[in-house]
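I have placed the structure first, in the form of structure tokens, so that the comments after it can refer back to it.
Positions are given from 1, in the same order as the sequence printed here. Atom set for the values below is all heavy atoms of this structure, side chains included, hydrogens, waters and symmetry mates excluded.
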Amino acid sequence: MDRSPRRSIAGQVFLLQVGTAVLLIVTAVVLLVFQAQRDSTDDARRTSLGVAESFARAPGTAAALTGPDPTAVLQPRTDALAESTDVDYVVVFDEEGIRLTHPDPALIGKRVVGPPGLVEQVLRGESFTRTFDTSVGPTVNADAPVRAADGRVVGGVAVGITLTNVNESAHRQLPALIGAGAASLALALGAAALVTRRLRRQTHGLGPVEITRMYEHHDAVLHTIREGVLIVDGDRLVLANDEARRLLGLPDRCEGLPLGRLGLDPGIADLLAAGDTRTDEPHRAGDRLLVVSQRRLDLGGAAEGTVATLRDTTELQRQRSRAERALKRLELLYDASARIGTTLDVERTAEELAEAATPSCADFVTVELLEAVRRGEEAAPGDLVMHRVVLHGVRDDAPLIPVGEAMTIRPGTPATTGLESGHAVLIADLRAETGWQRQDPARAPAVLDYGIHSLISVPLRARGIALGVANFWRGAGSEPFTREDLSITEELASRAAVAIDNARRYHREHTVAVALQRSLLPHGLPAQSALDVAYRYLPAQAGVGGDWFDVIPLSGARVALVVGDVAGHGLHAAATMGRLRTAVHNFASLDMAPDELLGHLDELVTGLDRDRTDASGGSEIVGATCLYVVYDPVSGDCTMARAGHPPPAVVRPDGRVDFPELPPGPPLGLGGLPFAPAVFRLPEGSRLVLFTNGLVTDRDRDIEAGLDLLRDRLSDVDRTPEETCAAVLDALLPERPADDIVLLVARTRAFPADRVAEWDVPHDPAAVAGVRAEATRRLTEWGLEETAFTTELILSELVTNAIRHGAEPVRVRLLLDRSLICEVSDGSSTAPHLRMAAGTDEGGRGLFLVAQCSRRWGTRYHPHGKVIWTEQPLTEAETGGR
């Protein structure tokens, strides 16, 4: 792209004038300098020759030259002559060419310096002038012969003027020459400035390209604008553009003709001839109505004709009408694009179509959808069973098929024709057509009597799938539909169809995801005696998330509460949630501590992330949080650990609500960071409230406000867990939850002291008999005599193993819960292993017998050792209905 500065025509002319003047003046000055130098040189030649000849002919010069001491006589004379005549030297030499005089005494007596033959030429009696290097530098040198009285040449005189002196003479003229040149340049610049100023006014400072382009644009605009332009000078037409020729019907060669010969309408001809100023004055020109504006041209203070513009208002009115219709159509489509498809609900999207189309496009709109589409499925080919899902109009009493009624689309109706062709069907006059009446012959007369007279039926299709039909009706007071209305109705239906299909697909995927998620969540609460539990789970409106919860019975009558949240929505989040929930169950079955369980869960999520990254080549991260709580009803201790999850709310029996400060743990999947547990002693009747972020956060509420609101709703101590769930959701549930909501409320129970038996065992194998006896006594007190033999066998094996393979202290605990729990603890962390003994082995059958005699058994560890526990099933009568 050319970025060089552009100059106006005036500027270019100014530069051209200045350049020319400078060139001429510099040339003149240089020539004058050369001429001055040449004149100075000529003067030097004439002067030196004249001095040389005068001195050579002077009386006494020849006599002194031939005298006994010519130097003594001639040297003073030559010095005086050089000084008086402003020559640089006067040298006298004899017939041998030997200097007799010279300004430099050291050179007297030496041969004359000069071109070869110089002395010989002088001795021949010739006078001449030459320029050559002498002893004093480049010099204009003149030589003249000295003749004796008899005419014989006895020597010569050389007179010289150096070129330095000649140039000084020329240089003395330079100031005058330069001054004259400067004065000439100033005069030239002044004249150029005056010319440029006038030229700039006449060209308005434009450059040649701009002026050329201006005239090209002027010509293009004049002949392409949709407005007639006339320029009139007196009674003659000077200029008419193409539009003026068309509007007035002017002949091809009209410029220069009198107005009376142009065949103009008399009113327009009189107006142009008068030359008056007019603004938007209407005039007839044949079948056209023109609006004429006229102004006088005033150039240089003198009126020079008039200019008139012509506008065809008939054409403008047509264009305005088309523009208004197009604008209304665009406004309708813009409004429809904003109103249709705001939700992912099939029937609501159909209602939005009807609301957008009435009353600007139609008086009534009905929409029928295929039954399969309403279920989120694709309709089978040939399926014509539809349900009317929308009837919307300017009135509510239209005698059309009501909403909710099923119908089978009949052949020959506009709906069938539209579905087969894929295009809208226009019936401008319902009385003249009968095909539409086949769908509901009984209601057709009522429809006509009501005043409905025009119909457009548009098939709803998206991605090649038939969804249903949209019918646009017009009634009394509205014009019939025309073919221009087909495009707007098809556009509305097309947009609605895409939105309906999106809602259908979403409904299908949402149904699948919800079904998957619900299959992965608990279907009920397990039987346990430690907590009274109630829960609520609500999926997000925008899609299925990955929130989950669990209530897991543990050994020793303990119960674990789990709440987790997988980031994201959809099937992936639901599937990941199911994997994490299964993993929590597996880890919990190993009686892991909360912090240890979260550590293993973190490793699992890290592995899932690594697998997804390797499979996708990206860096996808699962991202999950978890809160794990273990409540022991015997001791009242509650152990908690969290991985990026909000802590639970704890409601004391007196109504105090707090959110305990749990050690912060990173979300699952970061890897390598530790989790720390916290232990709290909860009195009986306390409530643990576990929840996910969806409960306390929303678009219009931050987490702090949500926690404050939750605290207010939990302060009532008289509510049951079920009532607490209802009250909390009533206060905190958003209108359209953007995330899944999990709420888990558990009220603590204390294990009855009379159902706990616990004692220490001496580290002596002989103590096993005492353990059996004490166990039998306690079981008899609880009315469990029938289980005494099995319990004695179990305790004998467990206590024997603890004494032989474990460490002190050894302790036995019996718990009467929904089952009979036997626990033997010792100070060793060595875990027993179940193995199958061979027929000849004397041992190795103890744990096998324990496993056969109990429903469940296992090992759990604590900071001071381990606990081997078993559970024996009991009847309801034996447990006392617990």
Side-chain angles (χ1 to χ4, degrees), residues 34-173:
F34 285 145
Q35 184 64 38
Q37 288 180 344
R38 182 177 178 181
D39 292 344
S40 298
T41 303
D42 291 344
D43 289 343
R45 287 175 180 169
R46 288 193 296 270
T47 300
S48 60
L49 183 60
V51 171
E53 289 180 344
S54 298
F55 190 78
R57 297 171 183 170
T61 301
L65 183 63
T66 57
D69 191 1
T71 299
V73 177
L74 296 176
Q75 183 67 35
R77 293 181 183 180
T78 58
D79 290 341
L81 180 61
E83 184 176 354
S84 62
T85 57
D86 290 332
V87 298
D88 291 302
Y89 63 84
V90 178
V91 177
V92 180
F93 55 90
D94 59 12
E95 297 174 325
E96 301 296 330
I98 303 300
R99 297 187 186 100
L100 299 178
T101 66
H102 197 280
D104 185 3
L107 298 178
I108 298 174
K110 295 183 178 181
R111 188 172 180 80
V112 175
V113 176
L118 183 143
V119 176
E120 289 76 7
Q121 189 175 0
V122 173
L123 293 178
R124 288 197 299 269
E126 297 179 8
S127 297
F128 58 87
T129 302
R130 294 184 182 179
T131 301
F132 57 89
D133 285 337
T134 65
S135 59
V136 292
T139 306
V140 176
N141 184 83
D143 292 271
V146 179
R147 296 178 182 272
D150 57 2
R152 182 174 53 87
V153 178
V154 294
V157 178
V159 177
I161 300 175
T162 62
L163 291 182
T164 301
N165 290 336
V166 174
N167 292 336
E168 286 180 358
S169 176
H171 289 169
R172 284 194 294 271
Q173 301 179 35

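Summarising the geometry, atom CG belonging to L74 is positioned 11.0 Å from atom CG belonging to D79; distances are rounded to the nearest 0.5 Å. Between R57 atom CZ and S127 atom OG the span is 6.0 Å, to the nearest 0.5 Å. To the nearest 0.5 Å, the span separating OG1 on T71 from CG on L100 amounts to 5.0 Å. How far CZ of R111 is from CD of E96: 7.5 Å, rounded to the nearest 0.5 Å. Here the CZ-CG distance, from R99 to D104, works out to 9.0 Å after rounding to the nearest 0.5 Å. Taken to the nearest 0.5 Å, the CD atom of Q121 stands 4.5 Å off from the CD atom of E126.
The minimum heavy-atom distance linking V122 with G156 is given by the pair CG1-CA, 3.8 Å. Closest of all the heavy-atom pairs between A52 and A142 is CB-O, 3.8 Å. Considering every non-hydrogen atom in both V154 and L65, the closest pair reads O-CD2, 3.3 Å. For V91 against P103, the heavy-atom pair with the smallest separation is CG2-CD, 4.4 Å. Of all heavy-atom pairs between V153 and P145, the closest is CG1-CB, 4.0 Å.
Screening I98, T78, V112, I108 for a side chain to side chain contact (heavy atoms under 4.5 Å, CB included) with V92, the sole residue that qualifies is T78. Screening T47, T41, L49 against R45 for a side chain to side chain contact (heavy atoms under 4.5 Å, CB included) leaves a single residue, T41.
Remark: the N141 side chain and the Y89 side chain contain an N/O donor-acceptor pair separated by less than 3.5 Å.
The closest donor-acceptor contact from the side chain of E95 to the backbone of L123 lies at 3.5 Å or more, if one exists at all. Panel note: side chain D88, backbone T162; a donor-acceptor pair is recorded below 3.5 Å.
When the side-chain contact (heavy atoms from CB on, under 4.5 Å) test is applied to P76, no partner is found at least two apart in sequence or on another chain. For T61, the side-chain contact (heavy atoms from CB on, under 4.5 Å) partners are F55, A58, V146, not counting sequence neighbours.
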- Message: Quick one, T131 with T139, criterion side chain to side chain contact (heavy atoms under 4.5 Å, CB included). Give me CA distance, side-chain angles, the key distance, then yes/no.
- Response: CA-CA 5 Å; T131 301; T139 306; over 6 Å; no
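Crowding of E83 atom CD: a count of heavy atoms from other residues, nucleotides or ligands under 6.0 Å not exceeding 12.
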